[in-house]
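When reading the values below, keep in mind they use all heavy atoms of this one structure, side chains included, and skip hydrogens, waters and symmetry mates. Atoms within each ligand, like the ligands themselves, are counted from 1 in listed order.
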Amino acid sequence: MWPAMKNRTPRTFAVKSSGCQMNVYDGERMGELLAAEGLTPVSEGAGADLVVLNTCHIREKAAEKVYSEIGRVLNRGGAAQPLIAVAGCVAQAEGAEIARRAPGVDIVVGPQAYHNLPELVRQAKAGKRVFDTDMPLLSKFGALPARRKQGPSAFLTVQEGCDKFCTYCVVPYTRGAEVSRPFAAILDEAKALIDAGAKEITLLGQNVNAWADGERGLEHLIRALDALPGLARIRYTTSHPNDMTEGLIRAHAEVEKLMPYLHLPVQSGSDRVLKAMNRSHTSESYLRILDRVRAARPDIALSGDFIVGFPGETDAEFEETLRLVEAVNYAQAFSFKYSPRPGTPAAEMDGQVAPEVMDDRLQRLQALLNAQQHAFNQASVGRRCEILLERPGRKPGQLVGKSPWLQSVHLETDASIGDIVEVELVSAGPNSLAGAHLVKEAA
Ligand code: 5AD
Ligand code: SF4
C-alpha cells in the first residue's frame with residue numbers, strides 16, 4: 001500500500017504538550033499563533049490537519065516517547081497524513097536525529113524559535129521540510145500575538161533558561177542561558193490574562209526566583225501583580241534554593257494574594273551527592289531556608305524534586321535523602337530515577353547505579369513522600385478556605401478547584417468555573433479532598 005498523501009492545506013491543528021508547565025505555556029502560545037493564522041484548534045484525537053508535538057527532553061523516557069508519538073500520528077489512518085511539527089526541548093536537542101529517524105516529520109522548531117511557526121507552516125505547505133532551532137538574541141515574546149480567553153488559572157513565563165549547570169540536567173542546553181523578560185512586558189501580559197478571565201497567575205521560570213529587571217527581583221513583580229484589580233492569586237515555580245532571597249521570603253508574609261505554597265527542589269539529602277550535582281547548597285542550608293520561609297508563612301505547603309541513583313550514590317547517601325524528607329515534611333513532591341542525558345557531565349561519571357537499586361530507592365522514597373502528602377491532606381480536614389473553581393468534576397453538579405495549598409478539592413456547588421468559594425474541607429484522599437460549599441448568610 002502507498003503511504004497516504006500529506007495534507008498540504010491544513011485547516012485545523014492540535015498542540016500536544018508534555019513535560020513541565022513552561023511547555024504547557026509554550027503550547028498555549030503556539031496555539032494562539034496558529035489561531036491568528038486562521039487555523040482552528042481541535043482536540044488531539046480529532047484528526048487535526050497539523051499536529052504539533054511539544055516535547056520534553058528532561059529524562060530519557062520522556063525523550064523516547066516522541067518517536068512513538070510521531071509513529072502514532074502518522075499511522076492514525078484517514079484520507080491524508082497530517083503535517084507534523086516537533087517542537088520543544090527534544091526538537092532543540094535532537095533536531096537532526098529526528099529528521100533522520102522520522103522522515104514523516106515536516107517541521108522541527110525549538111523552544112526559542114516557535115514565534116516563526118506560521119512561516120514554517122507556510123514552507124511545509126509548499127512541500128519543504130523545515131528546521132528552526134535558533135536561539136535568537138531578540139526574544140520570541142515580542143513576536144507573539146495577544147493572549148486569548150482561557151481558564152481561571154493561567155501560566156505566565158517570566159524567566160527562561162538556566163546558568164546553574166547542575167551536572168545531570170539538559171535545561172541549560174535545551175532552553176539556553178538565563179534570560180528575564182522585562183517588568184513592563186510581564187505586567188502587560190498579566191493584565192491581558194486577567195482581562196481574558198484569569199483569576200490566578202503562576203509565574204514560570206526554570207529559575208523563576210532568579211528573575212530580575214535592573215534592581216527589581218521577583219518580589220517586586222509579585223507586589224506589582226498584587227496591585228492588579230481582578231487578580232486573586234499569585235504563584236511562582238520553579239525556584240532554586242540559592243535564589244531564595246530575604247525579600248521574596250518576606251513577600252510570603254506580607255502579600256495576601258501570594259499563595260502559601262513553595263516548590264523548592266533539593267534533589268538529594270547527601271552533601272557529597274549535592275556537590276557532585278553542582279547544586280551549590282547543602283542539605284543544612286536548604287533546611288535553614290525552609291525555617292525562614294516557615295517563620296514568614298507558618299501554614300506554607302512545601303514541595304520538592306528528588307533524584308535517586310545519581311552516579312556514585314551509596315545506600316547511606318540515599319538514607320540521608322530519606323532523613324531530609326523526614327525533617328521537612330512535604331505536602332507534595334516529585335521524585336525520579338536518575339537518567340543519564342547525552343552531553344551532561346554526570347552521564348560520563350563513574351559509579352552509574354544499577355536499575356534495580358534505583359527502583360528500590362525510588363519505591364522507598366515515594367512511599368515516604370506519599371505518606372507525607374496523605375498526612376498533609378488529612379490534617380487539612382476541618383479547615384475552612386477559599387477554593388478557585390477550575391473545571392467540571394466527574395459527577396454532575398460537581399466542580400473541582402484548588403485550595404491555597406494547591407490541593408485539588410471537589411465539591412457539589414451551583415457556583416461557576418472561575419468563582420472563588422468558601423469551603424470546609426470534609427474528607428481527604430492521597431491526591432484530592434472533598435469540600436462542602438459554605439453558603440454565606442445574607443446580611
Ligand atoms: N534524571 C532524572 N531526573 C532529572 N531531573 C532533571 N534532570 C534529570 C535527570 N537527568 C529532575 C530534577 C528536576 C526535575 C524537573 O527533573 O529533579 O528538578
Ligand atoms: Fe522538559 Fe526541562 Fe524542557 Fe521543561 S524545560 S520540557 S522539563 S526538558
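When each atom of ligand 1 is checked for a heavy atom of Tyr338 under 4.0 Å away, the hits are 1 (N), 2 (C). For ligand 1 and Arg59, the ligand atoms under 4.0 Å from any heavy atom of the residue are 1 (N), 2 (C), 3 (N), 4 (C), 5 (N), 11 (C), 16 (O). For ligand 1, the atoms closer than 4.0 angstrom to any heavy atom of Arg341 are 10 (N).
For Lys337, every heavy-atom contact with ligand 1 shorter than 4.0 Å involves the backbone, none the side chain. Looking at Phe336 against ligand 1, only its side chain comes within 4.0 Å, counting heavy atoms.
Checked against the 6.0 Å centroid criterion, the rings of His240 and Phe165 do not qualify as a close aromatic pair.
For the pair Arg181 and Thr157, the tightest heavy-atom approach, listed with the atom from each and the gap, is NH1-O, 3.0 Å.
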Handout entry: Intermediate values then yes/no, side chain to side chain contact (heavy atoms under 4.5 Å, CB included), Asp49 and Thr12
Key = CA-CA 5 Å; Asp49 302 333; Thr12 60; 3.4 Å; yes

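The shortest N or O to N or O distance between Gln267 and ligand 1 is below 3.5 Å.
Among Ala346, Ser339, Ala333, the residue whose heavy atom lies closest to atom 10 (N) of ligand 1 is Ser339. Scanning Ile307, Val171, Asp305 for the heavy atom closest to atom 14 (C) of ligand 1 points to Asp305.
A salt bridge links Glu32 with Arg29: the distance from a Lys NZ or Arg NE/NH1/NH2 to an Asp or Glu carboxylate oxygen falls below 4.0 Å. In this structure, Glu319 pairs ionically with Arg364, as a charged nitrogen and a carboxylate oxygen lie closer than 4.0 Å.
Of the residues Phe334, Tyr168, Tyr330, Tyr338, the one that meets the ring-ring contact (aromatic ring centres under 6.0 Å, His included) test with Phe306 is Tyr330.
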